[in-house]
Structures are given as structure tokens and as C-alpha cells.
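Quick caveat: nothing in here was measured; it's all calculated off a predicted structure. Computed over heavy atoms, backbone and side chain alike; hydrogens, waters and symmetry mates excluded. Here is the naming used below: chain letters follow the sequence lines, and residue numbers restart at 1 for every chain.
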There are 2 protein chains.
Amino acid sequence: MKLDSHEFRSRCSIARALEIIGDRWTLLVIRDLMWHGKDTFLALQGSEERIPANLLAQRLKRLEALGILRREAYQQRPVRYRYLLTEEGLSLEPVLLELMAWGHAKLEGGFYHPDTQRSVPAGTSGRNR
Amino acid sequence: MKLDSHEFRSRCSIARALEIIGDRWTLLVIRDLMWHGKDTFLALQGSEERIPANLLAQRLKRLEALGILRREAYQQRPVRYRYLLTEEGLSLEPVLLELMAWGHAKLEGGFYHPDTQRSVPAGTSGRNR
DNA sequence: GTCAGTCACTTTCGAATTGGAAGTGACTCG
DNA sequence: CGAGTCACTTCCAATTCGAAAGTGACTGAC
């Protein structure tokens with residue numbers, strides 16, 4: 001069921017977007033795929049937030065069905081997949097950037113620079129409030 | 001319990017942000033407060049997405065406790081409150097804007113221009129995929 | 001005064017999801 | 001062969017959701 005066959009409960013773009021990605025695990029998976037080179041089940045499972053395996057499996061399946069990501073086999077015996085964001089998935093990057101900016105400014109979270117792949121650790125900015 | 005006393009499960013800004021606003025009702029409430037002049041319980045309840053009253057009450061209470069919004073009485077008998085975003089809440093606007101851009105581009109959602117308060121209805125953009 | 005309507009919640013309860021842990025099958029390797 | 005690894009799946013208690021009904025404090029009409 002791709003994005004174009006999903007029945008939405010609202011005409012509003014934000015509400016629609018949140019129906020697709022409005023839970024925290026989905027965006028965290030997309031973050032890891034987008035920026036951190038984590039593209040296998042085990043790598044995604046190994047993030048700091050420690051997503052439970054059943055939720056990770058369900059999210060990957062769902063995001064694939066929606067066309068946000070796709071998987072491709074990188075070996076055959078046993079078959080193993082890597083997961084890759086589609087253009088729909090990649091185009092969520094500005095959302096991630098703004099979330100990160102807010103989390104950095106208001107919550108003292110760390111800052112990742114996607115272009116240079118560098119991180120500023122959490123807690124290094126003053127509280128801007 | 002304000003943002004500065006919340007215990008986070010991750011150092012990552014995005015994960016932290018999602019711990020605060022990573023459910024769909026929260027951001028929809030913030031959207032209505034931010035752009036649509038819906039600042040009373042009844043007005044917020046009347047949005048197209050039809051948030052259930054118990055969830056709305058809980059989200060308002062939680063967001064107030066976190067310092068994302070505040071409430072002020074606009075009448076006394078019976079006492080009635082309006083809800084207003086704090087600076088923390090208002091600074092989520094770029095997140096909303098990017099969500100809207102993605103939802104508009106990929107999901108044919110409508111587009112709202114906050115500066116002019118004008119809306120382009122859902123379904124008016126071609127599918128850019 | 002009574003009654004119906006309004007509003008801001010609260011409560012109820014079944015359904016759905018989450019989260020943590022254990023389990024399973026298909027491998028690989030010593 | 002057995003142990004370890006990986007990608008899930010299953011299980012189950014806890015939590016959250018969603019829809020509807022309930023409640024209390026009003027207001028206004030009769």
C-alpha cells in the first residue's frame with residue numbers, strides 16, 4: 001500500500017504526514033538510515049534508543065509498504081537485506097533537521113552535521129530560554 | 001515538570017524532541033494553537049481530525065507541564081481558559097513548516113501560508129514522484 | 001424555580017499498541 | 001556436533017488510544 005493509496009483522515013498536510021510518520025520509532029529509523037549508515041536490522045537495533053525487535057520489524061515492513069524505504073538483498077545464504085530510503089524517505093531530511101535544531105536548542109541534545117558527518121555531543125549548548 | 005527536568009533516554013536531539021512531541025496529537029494541537037487561532041478546549045476539539053476529549057485534555061495538561069504552552073483564564077464564571085504557546089512552543093514552527101512541505105509534496109495535503117493565513121486546499125499539487 | 005443546553009473536562013471500557021524478553025529457524029564456524 | 005549469530009516472530013503484561021457516556025458548573029429561557 002503505497003502513499004498514493006493511503007486513505008487519509010484529514011486534508012491537512014501536517015495531519016497527513018503525521019499519519020505516516022507521526023510516531024517516534026519511525027522517525028528514529030529514518031534518521032539512522034538517512035545519516036548514520038545503519039541499514040541492516042542489527043545495526044538499526046543497535047542504536048542508543050534500543051528499539052525493540054518487534055517494533056523495528058513492523059516499522060520496516062510498514063515503511064516499505066508505504067514506499068518510504070526499500071530493501072535489497074546483500075547476501076543470499078542466508079538471505080540478508082539492507083534497507084535504503086527511497087526519494088520519499090530522503091525528502092524527509094528537512095523535517096529531521098528542524099527536529100534536531102529544536103531538540104538541540106531547547107533540550108540540550110547533540111547536533112549532527114550531515115554534510116560533514118560530524119557530531120557535537122549533547123549538553124554543549126547553553127540553555128536558550 | 002519542565003523540559004529541563006525531563007529525563008531523556010537518548011543524547012540525540014531528534015530522539016529527545018520525539019520524546020516530547022513525537023506523537024501525532026501533540027503536533028496537531030500545536031499546529032492549531034500556532035496558526036489557526038484555536039485556543040480553547042472546544043475550538044481545539046473542533047478540528048477536522050476530531051481529537052477525543054480525553055486525549056486533548058491530557059495533551060494540554062502535559063504540554064503545559066512541560067512548558068510548551070501555558071493557559072490563562074479569559075473568564076471567571078465559570079472559569080474558562082485559553083491556551084497559548086510559550087516561546088518553546090512557538091519555536092516548533094519550522095518543524096511544522098517542514099512537515100507541511102513534505103505532506104504537501106508527497107501526500108497531496110493542503111498548504112497553509114502562516115504569514116498571509118491563506119490556505120491552498122488539498123489535492124491541488126501534482127504528484128512529485 | 002425548573003429545565004435544557006453548553007462547556008470543560010473526567011470516567012469507562014474494549015481495542016490497539018508498546019516494550020521487554022524469550023523463542024525459532026537458517027545459517028556459519030570451530 | 002554444538003555454540004554463536006542474525007533476522008525476525010511470538011508472547012504477555014502494561015500502557016495508550018478512541019469512542020462514548022458521565023459530571024459539574026454554569027447560563028438563559030420559560
How long is the line joining OH of A:Y81 and P of D:dT5, in whole Å?
-> 23 Å
Please check the phosphate of C:dA8 (OP1 and OP2 only) for any side-chain N or O of B:Y74 closer than 4.0 Å.
-> yes
Kindly state each residue pair satisfying ring-ring contact (aromatic ring centres under 6.0 Å, His included) with at least one member in residues 41-67 of chain B, sequence neighbours excluded.
-> none
Taking only residues two or more places apart in sequence or in another chain, which ones pass salt bridge (charged side-chain N to carboxylate O under 4.0 Å, His left out) with B:D32?
-> none
Write down the distance between CZ (B:F41) and C1' (C:dC7), rounded to a whole number of angstrom.
-> 9 Å
Interatomic distance, B:L44 CG vs C:dC9 C1' [rounded to whole Å] | 13 Å
Let me know the distance between CD of A:Q45 and C1' of D:dC8, rounded to the nearest Å.
-> 9 Å
Just jot down the side-chain contact (heavy atoms from CB on, under 4.5 Å) partners of A:P114, sequence neighbours excluded, or say none.
-> A:W35, A:E93, A:L97, A:Y112
Scan for ring-ring contact (aromatic ring centres under 6.0 Å, His included) pairs involving residues 64-103 of chain A, sequence neighbours excluded, and state none if there are none.
-> none
Would you say D:dC8 has OP1 or OP2 under 4.0 Å from some side-chain N or O of A:Y83?
-> yes
Summarise how protein sits on nucleotides 14-30 of chain C as a single string, 5' to 3': B when a protein heavy atom is under 4.0 Å from the base, S for sugar-phosphate-only contact, - for no contact.
-> ----SBB------SS--
Distance, rounded to the nearest Å, where A:K38 contributes NZ and D:dC6 contributes C1' = 17 Å
Thinking salt bridges, do B:K2 and B:E88 make one under a 4.0 Å N-O criterion?
-> no
Report the distance from atom CG of B:L56 to atom P of C:dC7, rounded to the nearest whole Å.
-> 14 Å
Output yes when at least one side-chain N/O atom of B:K61 is less than 4.0 Å from OP1 or OP2 of C:dA8, else no.
-> no
With sequence neighbours excluded, what pairs up with B:R70 under the salt bridge (charged side-chain N to carboxylate O under 4.0 Å, His left out) test?
-> B:E72
Quick one: salt bridge (charged side-chain N to carboxylate O under 4.0 Å, His left out) partners of A:R16, sequence neighbours excluded?
-> none
Send over the distance from A:Q75 CD to D:dC6 P, rounded to a whole Å.
-> 10 Å
Do any of residues 26-36 of chain A sit with a heavy atom less than 4.0 Å from DNA chain D, and if so which?
-> none
Could you tell me which residues satisfy salt bridge (charged side-chain N to carboxylate O under 4.0 Å, His left out) with A:R9, sequence neighbours excluded, listed by chain and number?
-> none
